[in-house]
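The next block holds one structure in the form of structure tokens; read it before the comments.
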Amino acid sequence: MHVVVNAAQSVDGKLATRRREQLRISGPEDFDRVDRVRAAADAVLVGVGTVLADDPHLTLDEEDRRVERLRNGRPGDPARVVIDSTGRTPTDARILDDAAATYLLVSAATDRERREALADAGAEVIVAGEERVDVAEGVDRLAERGVDRLMVEGGGEVIFSCFEAGVVDELHVYVGSLVIGGRDAPTLADGAGFTEGFPDLTLTGTERFDDGVVLSYAVGGDGESCER
């Protein structure tokens, strides 16, 4: 599987304010770029924190891209994936509608009745890990279901978990022209953080969109994308 992480941050590396309020960091040009990246993916992954905070739909914005996917024998929209260790996704969340397939990665600690409620609401529930979702195992389970290209959209805890699990092949970061500040504001890669064994990144491109820049990186010691 090929895993692509995409995120937007301020110049000081923040994804949102310390109150975790959603901000408009990029603009229409970058929104279109993100839609193109989504259209190329088989599935789009977020963490349950993003679902609870933003209730995203995670479908394509441009109908032409949806039509092109259908012409190529693919579903109109990529599948949606949520990392949700304890099954906190609301049963009325927008990602559980019938616009696209939805996979919920949960741990074995999630109550069976809760799993059944989420399945009844429209999700395919996949158990990966004991107390918390094992990201590497979850990625393997998604590959078994035909996901060859996975786009990770965050948030910071999920992005760190993907790097920690060693599954990331590409990283694209939009850096917007604003300062957010705050020691408690979420960053691109939250979580425990690395003290050694830092991911190897090779800058592969820079491109300006709106009033910001997208930095693109290959992840891997030789600067080439690594297949899992």
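A donor-acceptor pair under 3.5 Å is absent between the side-chain atoms of Asp32 and the main chain of Pro28, judged by distance alone. The backbone N or O of Phe160 lies less than 3.5 Å from no partner atom in the side chain of Asp190, so there is not a single donor-acceptor pair. Side-chain N or O atoms of Asp211 include none that pairs as donor or acceptor with a backbone N or O of Ser177 at under 3.5 Å. Using a distance-only test at 3.5 Å, with no hydrogens or angles considered, a donor-acceptor pair links the side chain of Arg114 to the main chain of Gly87. Of the possible polar contacts, one joining the Thr204 side chain to the Ser216 backbone as a donor-acceptor pair under 3.5 Å is found. Of the possible donor and acceptor atoms, none in the side chain of Asp184 sits under 3.5 Å from a partner among the backbone N and O of Arg18. Remark: side-chain polar atoms of Tyr174 are paired, donor with acceptor, to backbone N or O of Gly212 under 3.5 angstrom. Checked by atom type and distance alone, the side chain of Asn72 never pairs as donor or acceptor with a backbone atom of Arg74 at under 3.5 Å. Although no hydrogens or angles enter the test, the distance criterion places a donor-acceptor pair under 3.5 Å between the side chain of Arg115 and the main chain of Ala108.
In terms of heavy atoms, Val179 sits closest to Val11 at CG2-CG2, 3.5 Å. Of all the heavy atoms in Pro78 and Leu60, the pair that sits closest is CD-CG, 4.0 Å. In terms of heavy-atom proximity, Ile95 sits nearest to Pro56 at CG2-O, 3.0 Å. The minimum heavy-atom distance linking Asp30 with Ser26 is given by the pair OD2-OG, 3.1 Å. Minimum heavy-atom separation, Gly155 to Leu15: C-CD1, 4.4 Å. Residues Pro186 and Thr17 come closest through the heavy atom pair CD-O, 3.3 Å.
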Could you walk me through whether Asp42 and Arg145 satisfy the salt bridge (Lys or Arg N to Asp or Glu O under 4.0 Å) test, starting with their C-alpha distance in whole Å, then the side-chain angles of each, then the deciding distance to 0.1 Å, before giving a yes or no? CA-CA 10 Å; Asp42 297 308; Arg145 288 158 174 79; over 6 Å; no
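The line from CD1 of Ile83 to CD of Glu157 is 11.0 Å long, rounded to the nearest 0.5 Å. Rounding to the nearest 0.5 angstrom, the gap separating the CD1 atom in Ile159 from the CD atom in Glu153 is 9.5 Å. Atom CG of residue Leu142 and atom CG of residue Asp148 lie 11.0 Å apart, to the nearest 0.5 angstrom. Between the OG1 atom in Thr86 and the CZ atom in Arg132 there is a gap of 9.0 Å [rounded to 0.5 Å]. Atoms CD and CG, on Glu63 and Leu70 in that order, are 8.0 Å from each other to the nearest 0.5 Å. Between atom CZ of residue Arg94 and atom CG of residue Asp92 there is a gap of 11.5 Å, rounded to the nearest 0.5 Å.
Applying the 6.0 Å contact sphere to CD of Glu144 captures more than 12 heavy atoms from other residues, nucleotides or ligands. Counting heavy-atom neighbours within 6.0 Å of Glu124 CD, excluding the residue itself, gives a total above 12.
Val37 and Val214 end up in different hydrophobic clusters when Ile, Leu, Val, Met, Phe, Trp and Tyr side chains are linked at under 4.5 Å. Transitive grouping of hydrophobic side chains (ILVMFWY, heavy atoms separated by less than 4.5 Å) keeps Tyr103 and Val46 in distinct clusters.
One side chain, Arg33 or Asn6, offers a donor N or O that lies under 3.5 Å from an acceptor on the other.
Salt bridge Arg141/Asp134: absent, no basic N to carboxylate O contact under 4.0 Å.
Results of the side chain to side chain contact (heavy atoms under 4.5 Å, CB included) test with Val81 over Leu105, Val44, Val147, Val139 single out Leu105 as the only residue that passes. The residue from His57, Arg69, Arg66, Arg38 that alone fulfils the side chain to side chain donor-acceptor pair (under 3.5 Å) condition with Asp77 is Arg66.
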